[in-house]
Peer 1: 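Encoded as structure tokens, here's the structure I'll be asking about.
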Amino acid sequence: MIDIRARRPLWRRTLAYLGNAWRLVVLSGVRSWRRDLSATTPALGSMTLLLLMTGVFGLVGVALAHAAADQAASASVLDVYLASDATSDDIAALHSRLAADPRVASVRVITPEQALAAARSRPGLGDLADLASANPFSGALEVRVRLVSNVGAVAASVAGDPAVDSSQPTSYDPEAYRGLRDLVIGVGGVGLVLVLLLAFVSYAVCANAVRGLALARRDEIALVRLLSARKWMIRGPFVVEGVTTGAFAGLAAAALVAGLWWLLANVGSAVFLAVLPGVGLRAVEVDAAVLISAGMLLGAVSAAFGVRRLAA
Amino acid sequence: MLIVAAAAAGWGLFLVIDKVGRGTQKRRSPVAKRAVSPVKRAALQRPLLEMSEVRKAFGKRVVLDQLSFSASLGDLVAVTGDSGAGKSTLLRLIHGQLRPDRGRVWVDGHPLHRRFLRGIERVRRDSGFIFQDHRLLPRLNALENVIVALQMARPDVPYGVIRRSAHEALEAVGLTEDRGKFPAELSLGERQRVAVARTLALRPRLVLADEPTASLDEGNAKRVLELLSHAACDGALVVVATHHLDFRPAQVISLPRLPIPPKTPRRLRRK
């Protein structure tokens, strides 16, 4: 009879340990997953739905980020109105001072004619401009500030300059900016709460599904504990099952999100541009990769914590 | 390139550690004999299994009381008694599945009577339990049941050795042909023989068999008892709980059926 207790070299024992761990955890987990597929289906469905929601939220988030970036770009433009009696030297001095400011990205001179042409292109303003006998717009400097948060400081720095109109120096409206900032913080906070809530619900649903599967096999778990199985031998296959379920749920969710995106982009492009502006194929690819990874992570974590009491 | 270099370095490190480890073992062995402390020497000379004044009750029902015995490696011990006398309870106490209410249980130097069981995994790894209801894993076939048990108890043994050992164990119980069958496809006797093969393939130092021949016909029962006797001859301590003494044990522990306390009506207890 083969002596199973014979002393073997360390390298042989290490390799054997790794090989047996692979068989006991990975292969056994995949085999259990395949055998329990019918029992796993509800967990798979729940995970797919939650990940689909996450994926759609992700694309909406990308669209919101694009919109916020556009808004920030337009909000960071500050018009400095020039005084009607400002000399060209004063204007040149102000231009060079602003251009040298590290907070400023660029400065462009807008002549009264250009200001009038821009006003004519805006609905309503064109008619008003036509009613006036002379050009009502003065010249201005269009200052593009690097950060929206610096717009107020730049506006304050130009007030009192001899080249600037003393009655209305800039287009900066502190109330409007404060409102915009509050809106961004509010939307971000609500988004964060929603993401945390979704993560908690996903974990709870998946952990309960895995715990249900483990409870159905508690006799087997009790037996393998009596067969001197280590904790990792009991929990490992469940984690592999969780990862496999999560990967499949992530794949299904990614396929559904990609299908939805393709449908909106190709069939209802007008709706798509209104609902998800700036969401391209690259964003969908990243979203799909995140969904598959999140599914695997969710499956692993919920399985590891879901069976910890049974395996202990 | 970096991975290959890391793997080669790791391999080299393993070989060095292995060589150093074996070298020190060789050098240490004669010294170690002299350096063993008196406490450790006493523990090594102690019988593998020692129970003293053990009491176990389930509620008010006392199953075992004032039970004391000891047994060493190579002993074949029979535990006899009527149904409900506490044979299975005794085996579960030895296996660490239960804790005694009073008294002491020492297995291989490990105190299993303590609240916090230290070294219970080692005790279980070195012992095999043949359950009365065989308890095979239903999703695995006969061969896989034996292999998985071996892998769990001895993960550092190469898979090829484990597989050959499992084949041998099934051959020893006459189940070579049925190794691919699942427990549901096997008869009660065949399942019990798989359970016996699963335990004996581990070559444990302590074998606990809870009525291993209860569901077997005469021929198979004889074969299983022979295997258990061989295990004892090979140096294992074998404890068999049985109704019928069909073999020659070195020691017989006869458990009396302790009286069940009469149920007192709640009305009388209040008075």
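Numbers restart at 1 for each chain; the letters A, B, ... are given by sequence-line order, proteins then strands.
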Peer 1: Do B:P158 and A:R13 make a side-chain contact, defined as non-hydrogen atoms from C-beta onward lying under 4.5 Å apart?
Peer 2: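 Answer no - side chains too far apart.
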Peer 1: With a 4.5 angstrom heavy-atom cut-off, which part of B:L150 approaches chain A: side chain, backbone, both or neither?
Peer 2: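 Only the side chain of B:L150 comes within 4.5 Å of chain A.
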Peer 1: Examine whether an atom of B:D126 lies under 4.5 Å from a heavy atom of chain A, and if so say whether it belongs to the side chain, the backbone or both; otherwise answer neither.
Peer 2: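 Contact with chain A is through both the backbone and side chain of B:D126.
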Peer 1: Test salt bridge (charged side-chain N to carboxylate O under 4.0 Å, His left out) on B:E144 and A:R31 and set out the steps.
Peer 2: CA-CA 13 Å; B:E144 286 168 342; A:R31 190 168 51 186; 3.2 Å; yes
Peer 1: Quick one: which residue pairs count as a ring pair (Phe, Tyr, Trp, His ring centres under 6.0 Å) with a foot in residues 137-160 of chain B, not counting sequence neighbours?
Peer 2: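 Every candidate ring pair (Phe, Tyr, Trp, His ring centres under 6.0 Å) pair involving residues 137-160 of chain B fails, so no pair, neighbours aside, qualifies.
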Peer 1: For a quick test of your reading: what N or O donor-acceptor pairs under 3.5 Å do the side chains of residues 41-49 of chain A make, sequence neighbours left out?
Peer 2:
from: A:T41; atom 1: OG1; to: A:L37; atom 2: O; distance (Å): 2.7
from: A:T41; atom 1: OG1; to: A:S38; atom 2: O; distance (Å): 3.4
from: A:S46; atom 1: OG; to: A:P42; atom 2: O; distance (Å): 2.9
from: A:T48; atom 1: OG1; to: A:L44; atom 2: O; distance (Å): 2.6

Peer 1: At a 4.5 Å cut-off on heavy atoms, which part of A:L18 comes close to chain B: side chain, backbone, both, or neither?
Peer 2: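 For A:L18, there is no contact with chain B at all, as no heavy atom is under 4.5 Å.
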Peer 1: Look at atom CH2 of A:W232 and say whether more than 12 heavy atoms of other residues, nucleotides or ligands are closer to it than 6.0 Å.
Peer 2: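 Yes, the 6.0 Å shell around CH2 holds more than 12 heavy atoms from other groups.
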Peer 1: Please indicate whether A:F248 has more than 12 foreign heavy atoms, meaning atoms of other residues, nucleotides or ligands, lying under 6.0 Å from its CZ.
Peer 2: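 It does not: A:F248 CZ has 12 such atoms or fewer within range.
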Peer 1: Work out which heavy atom in A:A16 is nearest to a heavy atom in B:D156; give both atom names and the distance.
Peer 2: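 It is CB-O, 3.4 Å.
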Peer 1: Which residues in residues 173-196 of chain B have any heavy atom closer than 4.5 Å to a heavy atom of chain A?
Peer 2: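 Listed by number, the contacting residues are B:F182.
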Peer 1: By a 4.5 Å heavy-atom criterion (distance strictly below it), what part of A:S32 contacts chain B: side chain, backbone, both, or neither?
Peer 2: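 For A:S32, heavy atoms of backbone and side chain both lie under 4.5 Å from chain B.
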Peer 1: I need the A:S28 OG to B:L137 CG distance, nearest 0.5 Å.
Peer 2: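 Between A:S28 OG and B:L137 CG, I get 9.5 Å after rounding to 0.5 Å.
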Peer 1: Would you please test B:I162 and A:N20 for side chain to side chain contact (heavy atoms under 4.5 Å, CB included) and show each step?
Peer 2: CA-CA 10 Å; B:I162 285 178; A:N20 283 322; 3.9 Å; yes
Peer 1: Decide side chain to side chain contact (heavy atoms under 4.5 Å, CB included) for A:L226 and B:R135; before the verdict, give the C-alpha distance in whole Å, the side-chain angles of both, and the deciding distance to 0.1 Å.
Peer 2: CA-CA 10 Å; A:L226 290 177; B:R135 295 226 206 157; 3.7 Å; yes
Peer 1: So which atom in A:L227 and which in B:M152 form the shortest heavy-atom distance, rounded to 0.1 Å?
Peer 2: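 Nearest heavy atoms, A:L227 then B:M152: O-CB, 4.1 Å.
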Peer 1: With side chain to side chain contact (heavy atoms under 4.5 Å, CB included) as the criterion, how do B:V161 and A:R8 come out once you've worked through the C-alpha distance, each side chain's angles and the decisive distance to 0.1 Å?
Peer 2: CA-CA 12 Å; B:V161 176; A:R8 292 173 181 84; 3.6 Å; yes
Peer 1: Considering residues at least two apart in sequence or located in another chain, which fulfil the salt bridge (charged side-chain N to carboxylate O under 4.0 Å, His left out) criterion with A:D36?
Peer 2: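 A:R217, B:R139.
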Peer 1: Chain A: which of B:R125, B:H95, B:Q97, B:R198 shares the most heavy-atom pairs with it under 4.5 Å?
Peer 2: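 Of the options given, most contacts go to B:R125.
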Peer 1: Let's test your reading of the structure: which of A:A21, A:G19, A:S228 forms the most heavy-atom pairs below 4.5 Å with chain B?
Peer 2: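 With the most close heavy-atom pairs to chain B, the winner is A:S228.
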